[in-house]
Amino acid sequence: MAKELIGCLLVRNIDGETLSGMIVETEAYRGREDPASHAYRGRSPRNETMFGPPGHAYVYFTMGMHYCLNITTEPAGKAAAVLLRAIEPTAGMELMAKNRGVADVQRLASGPGNLTKAMAIDRSLNGEDFVTSDRLFVESGRPGASIMASSRVGVSAGKSNHWRFFLEGSRFVSRGRPAGAPRTHN
DNA sequence: TTCGTGATACCC
DNA sequence: GGTATCACGAAC
């Protein structure tokens, strides 16, 4: 699912304005069997939505200052989610720039914390249903894009799992590439 | 490379 | 209660 989301359009409607962007970078997280996952140690109030039905927003606060947006994937009871790490803005750039306090379009939403800040996403959207919501949803994107895979960013456990996906050559993906040569993955 | 920042989880 | 640990970003 993480790979399929690359190239799709993420849409956020807020205050009558539409913010959108093409998803260019994601990471997959699983449950019990994934040491890097919030759900690795089981259910808790924080990760509750990871155990809920698929297609919902799992939004959490981390590092004392950043929100991160995930989309749940597995059926209720089984924890798994895809972290949205970067988008290439396609609409509402002015409001995104205002939210971020920077003008450079390439850096508006390059990184999970930047993405949520640009799109004004916080814990109030935790649990939002991507299928029925008009505040936050995803539209199918362009097929055939060249997608690369690598190990995940900032993850010490499970480095052999290449569960980070990004659009080849995109200048909108986040910095901080993990060590090791990325491999193609189509 | 470092540092700010605060919730969370797990250990008393 | 305390505290280690973060699915980070930006400024150096």
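Chain letters run A, B, ... following the sequence lines, proteins first and then strands; every chain starts at 1.
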Using atom NE2 of A:His38 as one end and atom C1' of C:dC8 as the other, report the distance to the nearest whole Å.
12 Å

Atom-to-atom span, CE of A:Met65 to C1' of B:dG6 - whole angstrom
8 Å

Please report the distance, rounded to the nearest Å, between CD1 in A:Ile71 and C1' in C:dA7.
15 Å

Out of C:dA7, C:dG9, C:dC8, minimum distance to the side chain of A:Met63 belongs to C:dC8

Indicate, with a heavy-atom threshold strictly under 4.0 Å, whether A:Asn114 touches base, sugar-phosphate, or nothing.
sugar-phosphate

Review item, nucleotides 8-11 of chain B N/O atoms under 3.5 Å of protein N/O:
from	atom 1	to	atom 2	distance (Å)
B:dA9	OP1	A:Ser44	OG	2.4

Quick note, A:Pro112 side chain, CB onward, closest among C:dC8, C:dA7, B:dT5 is C:dC8

Could you list all the salt bridge (Lys or Arg N to Asp or Glu O under 4.0 Å) pairs where at least one residue sits in residues 124-135 of chain A, not counting sequence neighbours?
A:Glu128-A:Arg135

Is atom OH of A:Tyr40 surrounded by more than 12 heavy atoms (other residues, nucleotides or ligands) closer than 6.0 Å?
no

I need the CD1-P distance between A:Ile121 and C:dC8, as an integer number of Å.
17 Å

Mind calculating the distance between CZ (A:Phe165) and P (C:dA7) to the nearest angstrom?
19 Å

Can you confirm whether A:Val59 sits close enough to A:Asn70 that some side-chain heavy atom of one is under 4.5 Å from a side-chain heavy atom of the other?
no

Select one nucleotide: of B:dT5, C:dA7, C:dA10, the one nearest the side-chain heavy atoms of A:Val155.
C:dA7

Inspect the surroundings of CD in A:Glu48 and state if more than 12 heavy atoms from other residues, nucleotides or ligands are less than 6.0 Å away.
yes

Is there a side-chain polar atom (N or O) of A:His66 under 4.0 Å from OP1 or OP2 of C:dG9?
no

Pairing check on C:dA4: which nucleotide meets the Watson-Crick or G-U wobble criteria with it, both distances under 3.5 Å?
B:dT8

Output the rounded distance in Å from CG (A:Leu69) to P (C:dC8).
14 Å

Salt bridge check, A:Arg152 against A:Asp34: does any charged N sit closer than 4.0 Å to a carboxylate O?
yes

Can A:Ser174 and A:Glu25 be counted as having a side-chain donor-acceptor contact under 3.5 angstrom?
yes

Partner nucleotide of C:dA11 by Watson-Crick or wobble geometry (both distances under 3.5 Å):
B:dT1

Counting any heavy atom closer than 4.0 Å, what does A:Arg107 reach on the DNA or RNA strands: base, sugar-phosphate only, or nothing?
nothing

A:Glu27 atom CD is separated from C:dC6 atom P, nearest whole Å, by 15 Å

Ignoring hydrogens and angles, are the base of C:dA7 and the side chain of A:Tyr60 linked by a donor-acceptor pair under 3.5 Å?
yes

What integer distance in Å separates A:Leu108:CG from C:dA10:P?
11 Å

For a quick check under 3.5 Å, do A:Ser37 and A:Arg30 share a side-chain donor-acceptor pair by atom type?
no

